Trainee: 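Take this structure first; my questions come after.
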Amino acid sequence: MNWTTALLGTLFLGTTATAQTAPGQEVNIVGFKNPEHKSYQSFVRALSAAERYKELAPQADPGFRLLSKPPGKDLTLRLVGNAAEQPIALDPQGYFHLEKKPVIDDERADLVVSVKAGGAAFKPSVHTPGLPPSTRRLGDLRMECEMLWAMDKDDMSFLIRSTFQLAGGLCHSGKIAVDFPEPLKLRSATLVEADRTLKLPLQADRRGYIAPVHDKSWSNEARVVFEPVEDGG
């Protein structure tokens with residue numbers, strides 16, 4: 001792993017931006033000290049990126065997923081503004097959808113998680129309908145990557161953001177390993193197109209894989225086919 005990949009894995013893909021506070025300062029949002037939260041405008045930027053890259057996944061309805069860290073925690077999510085708040089519905093695996101205009105009329109609203117900062121992460125979610133549960137389309141993953149970059153880059157330090165840009169961009173460089181989480185632990189993940197196959201590296205906890213979204217020799221219609229561990233453990 002080169003140094004760019006190492007930075008990416010430890011500072012970007014495996015995490016999400018947490019509450020930005022000065023040393024010794026605490027944030028108290030709706031009675032919970034220092035919760036994991038992210039601005040609504042971050043998600044608006046991700047949805048705008050999905051619109052710009054619509055050709056990557058023309059049939060998908062882009063959304064998001066809330067991941068607990070470590071996996072298995074029950075989380076709730078709320079949209080919180082200065083004068084109002086509203087719950088955000090999560091499916092059993094943490095998936096949810098948002099509109100570009102928040103239901104609360106407050107451009108500074110945050111999405112707030114029922115866990116302390118660092119205990120959860122937000123990820124884009126793009127799924128073309130009609131695919132088997134154990135199959136992902138590469139174009140969908142490419143759109144997720146573009147959404148992730150749009151959502152998180154403004155929360156990164158200038159140094160880290162510049163490092164990715166010098167490498168060619170998050171989603172367009174072979175120097176950067178881009179990983180994609182899955183709900184269950186995986187035994188294997190393989191990229192398939194016609195008679196061509198490529199075994200993909202798995203995350204250390206086997207709850208995701210690294211996909212070559214930068215490699216244009218694979219079309220958007222290439223499929224990642226993965227095999228979950230049977231007992232999910």
Side-chain angles (χ1 to χ4, degrees), residues 6-49 62-125 144-145 147-164 170 178-183 203-205 207-208:
L7 278 173
L8 184 67
T10 57
L11 297 176
F12 191 77
L13 291 176
T15 64
T16 189
T18 57
Q20 302 297 310
T21 61
Q25 179 183 357
E26 286 188 336
V27 173
N28 187 343
I29 300 180
V30 197
F32 196 93
K33 290 184 178 180
N34 291 328
E36 183 69 52
H37 68 281
K38 197 169 186 66
S39 73
Y40 199 96
Q41 290 304 311
S42 297
F43 297 92
V44 171
R45 291 193 294 269
L47 293 172
S48 295
F64 303 93
R65 186 180 174 210
L66 179 62
L67 303 171
S68 68
K69 297 165 58 179
K73 296 179 184 177
D74 290 329
L75 301 176
T76 60
L77 183 63
R78 292 167 293 162
L79 176 63
V80 179
N82 286 331
E85 67 173 274
Q86 180 166 325
I88 300 294
L90 300 172
D91 84 353
Q93 293 180 342
Y95 293 101
F96 63 99
H97 281 82
L98 297 173
E99 300 295 333
K100 290 184 71 174
K101 181 174 176 57
V103 292
I104 293 176
D105 189 15
D106 185 347
E107 291 186 354
R108 294 174 295 178
D110 289 317
L111 265 66
V112 181
V113 189
S114 60
V115 69
K116 287 189 176 181
F122 293 102
K123 302 292 182 186
S125 173
E144 285 187 9
C145 185
M147 292 175 67
L148 182 64
W149 177 240
M151 184 167 67
D152 280 0
K153 65 181 180 181
D154 288 348
D155 295 322
M156 301 167 66
S157 71
F158 174 79
L159 175 62
I160 300 302
R161 184 170 61 250
S162 297
T163 297
F164 295 151
L170 175 64
V178 183
D179 64 336
F180 297 89
E182 289 295 335
Q203 293 177 349
D205 62 2
R207 290 185 178 272

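Quantities reported herein were computed from a predicted structural model and do not represent experimental measurements. Heads up: numbering here begins at 1 and tracks the sequence. Keep in mind that the numbers below use all heavy atoms, side chains included, and drop hydrogens, waters and symmetry copies.
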Trainee: Met151 versus Lys38: any side-chain heavy-atom pair under 4.5 Å?
Mentor: yes
Trainee: With sequence neighbours left out, what residues match Asp205 under side-chain contact (heavy atoms from CB on, under 4.5 Å)?
Mentor: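 Counting only residues at least two positions away or on another chain, Asp205 forms a side-chain contact (heavy atoms from CB on, under 4.5 Å) with Gln203, Arg207.
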Trainee: Please examine the side chains of Ser68 and Val115, heavy atoms only from C-beta on, and report whether any two atoms are closer than 4.5 Å.
Mentor: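 Val115 vs Ser68: side chains apart.
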Trainee: Ignoring hydrogens and angles, write down the donor-acceptor pairs under 3.5 Å from the side chains of residues 87-97, residues two or more places apart or on other chains.
Mentor:
| unit_1 | atom_1 | unit_2 | atom_2 | d |
| --- | --- | --- | --- | --- |
| Asp91 | OD1 | Gln93 | N | 2.8 |
| Asp91 | OD1 | Gly94 | N | 2.9 |
| Asp91 | OD1 | Tyr95 | N | 2.9 |
| His97 | NE2 | Asp61 | O | 3.1 |

Trainee: Can you tell me how far the NZ atom of Lys153 sits from the CZ atom of Phe164, to the nearest 0.5 Å?
Mentor: 12.5 Å
Trainee: Return the CD to CG distance between Gln86 and Leu111, rounded to the nearest 0.5 Å.
Mentor: 10.5 Å
Trainee: If every non-hydrogen atom of Phe64 is compared with every non-hydrogen atom of Pro124, which pair is closest and at what distance?
Mentor: CD2-CA, 3.9 Å
Trainee: Is a donor on one side and an acceptor on the other found under 3.5 Å between the side chain of Glu85 and the backbone of Leu79?
Mentor: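 Such a contact is absent between Glu85 side chain and Leu79 backbone.
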Trainee: Do the non-hydrogen side-chain atoms of Leu66 and Phe122 ever get within less than 4.5 Å of each other?
Mentor: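 Answer yes - side chains close enough.
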Trainee: Please answer whether the main-chain N or O of Thr76 pairs with a side-chain N or O of Ser114 as donor and acceptor at a distance below 3.5 Å.
Mentor: yes
Trainee: Could you state the interatomic distance from CE (Met147) to CD (Glu144), rounded to the nearest 0.5 Å?
Mentor: 7.5 Å
Trainee: Say you draw a straight line from CG of Leu77 to CG of Leu98; how long is it, rounded to the nearest 0.5 Å?
Mentor: 7.5 Å
Trainee: Starting at CG of Leu47, measure out to CD of Gln41 and round the result to the nearest 0.5 Å.
Mentor: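 Reported to 0.5 Å precision, the distance equals 10.5 Å.
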Trainee: Checking side-chain polar atoms at under 3.5 Å, does Ser42 have a donor or acceptor matched by the opposite partner on Arg45?
Mentor: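 Arg45 and Ser42 do have a side-chain donor-acceptor pair below 3.5 Å.
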Trainee: Looking at every heavy atom in both Ala121 and Lys69, which two are closest together, and how far apart are they?
Mentor: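 Reported closest heavy-atom pair: CB-CD, 3.9 Å.
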Trainee: Could you tell me whether the side chain of Arg161 reaches within less than 4.5 Å of the side chain of Trp149, counting heavy atoms only?
Mentor: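 The answer is yes, as the side chains (C-beta and beyond) meet within the 4.5 Å cut-off.
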Trainee: Considering non-hydrogen atoms only, spot the tightest contact between Pro35 and Val113 and give its length.
Mentor: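 Scanning both residues completely, I find the closest heavy atoms to be CB-O, 3.6 Å.
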Trainee: What's the separation between atom OG in Ser125 and atom CG in Leu148, rounded to the nearest 0.5 Å?
Mentor: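 Those atoms lie 12.5 Å apart.
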